[in-house]
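Beneath this line is the structure, given in structure tokens, with notes to follow.
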Amino acid sequence: MLDIKQIRENPQVVQELLNRRGNYDIQPVLQLDREQRKLEGMRSQLQAKSNEIGRLVGQKIKALGNPQAPEIEALRQEGNAIKVQLSELEPQEKDLRTQIEALLLSLPNLPSDSTPVGRNEDDNVEVRRWGEEYIPSNPNLLPHWELGESLGILNFERSAKVAQSRFVTLMGVGAALERALIQFMLDRQVAAGYVEVIPPFLINTQSLTATGQLPKFAEESFKCDQDDLWLTPTAEVPLVNLYRDEILAAEDLPIYHCAYTPCFRREAGSYGRDTRGLIRLHQFNKVELVKLVHPTTSESEHQKLVQDAEAILQALQLPYRVVELCSGDLGFSAAKTYDLEVWLPSSGKYREISSCSNCQDFQARRGGIRFKEAGKKGTQLVHTLNGSGLAVGRTMAAILENYQQSDGKTVRIPAALQPYLQREFL
RNA sequence: GGAGAGGUGGCAGAGUGGUUGAAUGCGGCAGACUCGAAAUCUGUUUUAGGGCAACCUAACGGGGGUUCGAAUCCCCCCCUCUCCGCCA
């Protein structure tokens, strides 16, 4: 959520930054804000008067000893008159507040100053590449879904029977590989100082609103209608919301968390795309990194977070590149985002395998996540950051394709993973 | 699922209609005493909105209601705890 004060005080700056993202207009919210403040002034004056009368009545009853005295009745009358006026103003103001809140919740974060300006993914900026020497030279590699099915470790047909299309079942050593990847990723990040968490996988509406999935993207999430609970679309949501409505001590920061969770997404509006394989499923596994940090450190923490995600790809010797998203391609809550894209031979290009974002105070404001510095008055909002470290299914796809042997039947297991699987080949 | 108890400030814990934004204790902070510390004493210590400001307003799980006036009374919802049932 954007700061209404910031919008009020620097409307042109905010509008210009929103224009870098797309079509957004702050005038409606500004207008409502003016009306609301006017009403608030009137209302609080009336309430002050009403409080005064209440006090007087109490005093008079004590002094006169007669609750029915005419003097007191007169005050009651006056109090009732004010109540009538208030009963008119209060709903109006409340309605305005609700509208303002709704508008604010639907505005995306402002891109950071350093975010490249652009319209869509074509304007994203490649930052660096790593491991080009690991790109397979053999042009006749099987796509991972064909290889996986022939190896008997991926099964899409039976998954559709159990659930639907866009689900996978991992069998045998495929399941073991997925588990090994999760363990490997977590071990690495725990060693780097992240505290491992296993959060709830069902998430309430308030939590999804805080991190920005709601209200705009309800159609992307699976909902359990009877319970105000949604299947988590990413561990970012539960991890950040662990601290919702808290005032932390400055010494508590930074907080580093990593978590493995399954992730559930409806993938509405992507019907034609990536219909085969592990790239786009309704359910996938992911290890997520989340940081809550002091605002002055969030930029450097963001860089470090990206490196922590990159470390996994490097350890697995998978070729990748780092791309900075342009303003038009930024996610709703992000001020600045780096995507990691792994080389996928079946696509003949780099494909997203991690997205690392600095949300600055956007989620913290929605979720009321603040901290207090000893000796300083007031509270400040933390900055939240998140990144995949990594999407496990896509990592499996990248391994199956990039580590495929020329016989078209076997896959070498990355050296870093071999201790976890106790074998060299699939 | 059934029965009961309860949700108050950083924590503990008073408060059942009228200077209670909230006693008291602990913790925190500042000061005094001390060479320094402990102990002791004194003061201080919630958050948010509005206003140039003085200041005003709101909040005792959430939402409604009664009343001149609600932490206190009434209704609905949520959560926690205990016992029973069920279950991994």
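Chain identifiers are assigned alphabetically (A, B, ...) following the order of the sequence lines, protein sequences preceding nucleic acid strands; residue numbering begins at 1 within each chain.
The stretch residues 199-213 of chain A has no heavy atom under 4.0 Å from RNA chain B, so no residue of it qualifies as close. Only A:R37, A:E40, A:R43, A:S44, listed by number, bring a heavy atom of residues 31-44 of chain A to less than 4.0 angstrom from any atom of RNA chain B.
Running 5' to 3' along RNA chain B, contacts with non-hydrogen atoms of chain A at under 4.0 Å begin and end at B:G18 to B:G69.
Here the two rings, on A:F371 and A:H294, have centers that are under 6.0 Å apart. Taking the centre of each ring, A:H282 and A:F167 come in below the 6.0 Å mark. Aromatic pair A:F362/A:F332: centroids less than 6.0 angstrom apart.
Pairs passing the salt bridge (Lys or Arg N to Asp or Glu O under 4.0 Å) check and including a residue from residues 94-114 of chain A, sequence neighbours excluded, read A:E40-A:R97, A:E93-A:R97. Note on residues 157-166 of chain A: no pairs pass salt bridge (Lys or Arg N to Asp or Glu O under 4.0 Å), not counting sequence neighbours.
Using a distance-only test at 3.5 Å, with no hydrogens or angles considered, a donor-acceptor pair links the side chain of A:S327 to the main chain of A:R20. When atom types are taken as modelled, the side chain of A:D123 and the backbone of A:G118 share no donor-acceptor pair closer than 3.5 angstrom.
As rounded to the nearest Å, B:G61 and B:C56 have C1' atoms that lie 27 Å from one another. Taking the C1' atoms as reference points, B:G65 lies 27 Å from B:G4, given to the whole Å. With both ends at atom C1', the span from B:A3 to B:C86 equals 16 Å, rounded to whole Å. For the P atom pair drawn from B:C78 and B:C11, the interatomic distance equals 25 Å after rounding to whole Å. Separation of the C1' atoms belonging to B:G15 and B:A70 is 13 Å when rounded to the nearest angstrom. Using atom P as the reference point in both B:G28 and B:C77, the two lie 43 Å apart (nearest Å). B:A71 sits 36 Å from B:G85 when the C1' atoms are compared, rounded to a whole Å. Comparing the C1' positions of B:G62 and B:C26 gives an interatomic distance of 30 Å, to the nearest angstrom.
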| message | The test is salt bridge (Lys or Arg N to Asp or Glu O under 4.0 Å); show your working for A:R280 and A:E267 and say whether it passes. | response | CA-CA 8 Å; A:R280 194 175 299 277; A:E267 297 296 345; 3.3 Å; yes

| request: Apply the test salt bridge (Lys or Arg N to Asp or Glu O under 4.0 Å) to residues A:R55 and A:E52: give CA-CA distance (whole Å), side-chain angles for both, the deciding distance (0.1 Å), then the verdict. | output: CA-CA 5 Å; A:R55 250 189 305 271; A:E52 175 60 24; 3.5 Å; yes

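The 5' end of RNA chain B is approached more closely, in terms of each residue's nearest nucleotide, by A:K372 than by the other of A:K372 and A:Q77. In this structure, A:K62 and A:A48 both approach RNA chain B, and ranking their closest nucleotides by distance from the 5' end singles out A:K62.
A:K83 comes within contact range of at least one nucleobase, with a heavy-atom separation under 4.0 Å. Across all strands, A:I61 comes closer than 4.0 Å to base atoms (heavy-atom distances). At a threshold of 4.0 angstrom between heavy atoms, the contacts of A:K60 with the nucleic acid are absent.
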| request: Represent RNA chain B in dot-bracket notation, 5' to 3'. Only Watson-Crick or G-U wobble pairs with both distances under 3.5 Å count; pseudoknot-style crossings use [ ] and interstrand partners use |. | output: ((((((((.[[[..)..(.....]]]((((((.......))))))(((((....))))).[[[[[..)....]]]]])))))))....

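Neither side chain, A:T410 nor A:Q405, offers a donor N or O lying under 3.5 Å from an acceptor on the other. When only modelled atom types and interatomic distance are considered, A:T169 and A:N155 share no side-chain donor-acceptor pair under 3.5 Å.
A:K223 NZ: more than 12 foreign heavy atoms inside a 6.0 Å radius. Around CD of A:Q31, the count of heavy atoms belonging to other residues, nucleotides or ligands within 6.0 Å exceeds 12.
In plain terms, the two heavy atoms of A:A235 and A:K286 that are nearest each other are N-NZ, 4.2 Å.
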